[in-house]
Amino acid sequence: MAVCTSSFLSSTSSSSCPSLCFRFNPLLFSSASRRRRSTLPLSRSRLRVSAEAENSGIFNSPEVAKSFDFSNEERIYKWWESKGYFKPNIVKGSDPFVIPMPPPNVTGSLHMGHTMFVTLEDIMIRYNRMKGRPTLWLPGTDHAGIATQLVVERMLATDGVKRTDLGRDEFTKRVWEWKQKYGGTITNQIKRLGASCDWTREHFTLDEQLSRAVVEAFIRLHEKGLIYQGSYMVNWSPNLQTAVSDLEVEYSEEPGSLYYIKYRVAGGSRSDFLTIATTRPETLFGDTAIAVNPQDERYAKYIGKQAIVPLTFGRHVPIISDKYVDKDFGTGVLKISPGHDHNDYLLARKLGLPILNVMNKDGTLNEVAGLYAGFDRFEARKKLWSDLEETGLAVKKETHTSRVPRSQRGGEIIEPLVSKQWFVTMEPLAERALEAVSNGELNIMPERFEKIYKHWLSNIKDWCISRQLWWGHRIPVWYVSGKDCEEEYIVARSHREALTKAQEKYGKNVEIYQDPDVLDTWFSSSLWPFSTLGWPDESAEDFKRFYPTSVLETGHDILFFWVARMVMMGIELTGTVPFSNVYLHGLIRDSQGRKMSKTLGNVIDPLDTIAEYGTDALRFTLALGTAGQDLNLSTERLSSNKAFTNKLWNAGKFVLRNLPRQDDTPAWEALRAHKLLFSQFDNIESVLKLPLPECWVVSKLHVLVDEATASYEKFFFGDVGREIYDFFWSDFADWYIESSKARLYHSGNHSVASVSQAALLYIFENILKLLHPFMPFVTEELWQALPSRGEALIVSAWPPTSLPRNIDSIKKFENLQALTRAIRNVRAEYAVEPAKLISASIVANPDVIQYISGERDVLALLSRLDLGNVNFVESPPGDANQSVHIVAGEGLEAYLPLSDMVDISAEVQRLSKRLVKLQAEYDGLMARLSSPSFVEKAPEDIVRGVREKAAEAEEKLTLTRNRHDFLKSKVLIAN
């Protein structure tokens, strides 16, 4: 049977276009009731899209394309961008929706963490854009001080060049050249994910505007006394020769050694000594005390005396007591090396102990180590232990697993080191950031992260903001030659301003030089939400219009290092919390729940994934996760959502191919008469006039729109995705599309068919709108194939909420579904061939019969019933004893004649043979389980497996026996 369809152009269009024909095999009805639709002329058509899109060859129609072509995604993206859809549509008086993108490192290449934040933020942006809000997503990249400098240094090293060979200015020039050549890689990859950012507002943390903001922030904080210089404990990277932040330190459990060393008690006998255990014996040259617990009776007699530090030519340190020492850990004796351990440093400051630094910035030991000066820290460790063994001060060395801090960038072991740095005083800033959450100015999602946020801010330490690098924002501090650097320095916005200040204070002949350090990359990043909008110029149009922003979305792993700092800096510098909401996502792990790493070989490349599954499937998979929780990513999930993309495409193909031919004027007039496409579903009266399947699906859609919109507003994106998925796959594709075929292929009536055609269009259009934020590419491609639906889905209006729905119709159709499922189950149980039509007697009360019988065509089509032999009665039929009885629901039953489904006598014989076989199988398994030698001697998993097989065999035996006895009783009745 050939069915020919084409596009619906508009209610007033009279233009003609070719039509499209395809082959269709309708479901079989009984010959008595089958109604054929007239065969239409064979020809081809293309559905109308916007003229520009059609002429440029951007979009494909499901009518001519077998499936959605992933390679078309980039063309669609460029079309969106060229049309200016990513820019905010400024509407006076409207509330804008603004997201500052977490700026990825300029050195970066796309990974699944990027993919997650891009997906979630783009969902928020596309949803709010369709809601009609002026929507701005601010993109940009971070200069990534350590990472970028390291990349360029490695590149230079291949030519045998060091940065020190070039000098600061030339090296910085080389880094900028690298940035110009390679820095756009991550941006282009983010575009590949469909990110609808306003790229005309893209920023780089070292561009002129943001650099000006960084200098201004430093100066304002310094003027308020919140920035100071001092020597304190930091994380030091010997290879990179710089301090690094806590975020840039990664800890790993690594095998090592625990060294037990004797410390003799000064003035005591040879038996008077304390044994300490340490993983870093080379730091003993920096010991300034030995500590024990005041309650530890073993060492009480030594408290207040002096210990001799080994291999230091008799240097003495006090033996002190402090409850900080755990007497049950190790030997109960602790060496205090405050220059090389964070905890020792804090203890020394509390007790007023001196601080000794034994290490140079490159990880070699300095002159404090005496004869070991110049040795690398690890070489010194080996030599030191050898010498301790020779002097009899080495007790033992044990294998020990330690938690080792390593540089995230360089990979070397981090050294806790006291170093002169610049710091921000955090406590007063933290107080205001805590208040923002307490008074509701800032909402953190999921809510459980509020406790973590509050705990961190309540226990915050001052922030080391200086880095010993050449790439980054130079600290705006100048020193006067010949003066004490710690006392005499000038903070200024430029060299000229600094020189002027110096001359005013010290005379015209003064010389100044700038601090060589740069600011921590996180310092500039903490200004991102407002510096990208023009701050410190608060009169800038973007700042006035779009600040504060709406949402900050990022991973929960940088809640403290970035999010909290942005909150503090925003409040301090602008007087306002920089965003209203913080949305935190979790990590993406592999299918086994492991963190992705090159070592494990389980890293999933987003671009490879896109090539295989499509961007939409990847985005949809990631978005179905729960906020704040880690997501296990598997190929099974990706394959499932790729199938979802295909299902959506095929649904579009069905809808388009079942529109009237362009030249079928009566059909289009009937369709327009129903006014379903735009307005008919906006009042309850029009909904109630619809046939039951249409009333049901429209009502369900209207419920879905309300639920999905509410979930979007609450940022419950996983719920949104599941709600739309379930409606589309189950309600629309599995039930309504199949139900519509009864009118489309068998009614022979334009008016009746047009109801389904209009409903199909209406439902499908709204599905595309609801799904667009998740799956932008396939939905836009399908939208462009729909008849006169406007220029672009990306800027179409969001479906209105609170549209009418009829709950009674939903319940009625659910009864029809329950009856259909019950009949299908019986057909499957009796292995009835799909093409075979069977009879049925539907038993119900008059009210149920009225609406079920009104959809007898749908019931017959969905349940494979012979339409001419479907009877609706109020009491069981006369052949009830020869039928399978079904209870579909309260007051709704059905009787299916066995003779229609199976040869009863032959089936009884077959089941009798099967019973013999199953019984033998079951008896054999039970015999094994009855044998004590098997149960007691066989491995536990083998015995468990046999028990499971026995239980399964027993279940099969029971079901087969019941069916055999049932059918045998029918044979006896018949005889």
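The basis for the numbers below is simple: all heavy atoms, side chains too, and nothing from hydrogens, waters or symmetry mates. This chain uses plain numbering: 1 for the first residue, then up along the sequence.
Put simply, the side chain of Y372 does not reach to within 4.5 Å of the side chain of E282, judged on heavy atoms. Side-chain atoms of L346 and Y324, non-hydrogen and from C-beta on, never get closer than 4.5 Å to each other.
Proximity of a side-chain donor or acceptor of T391 to a complementary backbone N or O of D387 within less than 3.5 Å is detected. Counting only distance, with no hydrogens or angles, the side chain of D165 and the backbone of K162 share a donor-acceptor pair below 3.5 Å. Proximity of a side-chain donor or acceptor of R315 to a complementary backbone N or O of F285 within less than 3.5 Å is detected.
For the residue pair Y228 / D462, a side-chain donor-acceptor distance below 3.5 Å is found, with atom types taken as modelled. In the model, S337 has a side-chain atom that pairs as donor or acceptor with a side-chain atom of D287 under 3.5 Å. Side chain to side chain, T107 and N105 fail the donor-acceptor criterion of an N or O pair below 3.5 Å.
When all heavy atoms of A394 and W385 are compared, the closest pair comes out as CB-CH2, 3.5 Å. Of all non-hydrogen atoms in P338 and V418, the two that sit nearest each other are O-CG2, 4.2 Å. When all heavy atoms are compared, the tightest approach of A243 to S466 is CB-O, 4.1 Å.
Across H342, E248, E415, a single residue satisfies side chain to side chain donor-acceptor pair (under 3.5 Å) together with N235, and that is H342.
Taking a 6.0 Å sphere around CD of E253, one finds it holds more than 12 heavy atoms contributed by other residues, nucleotides or ligands.
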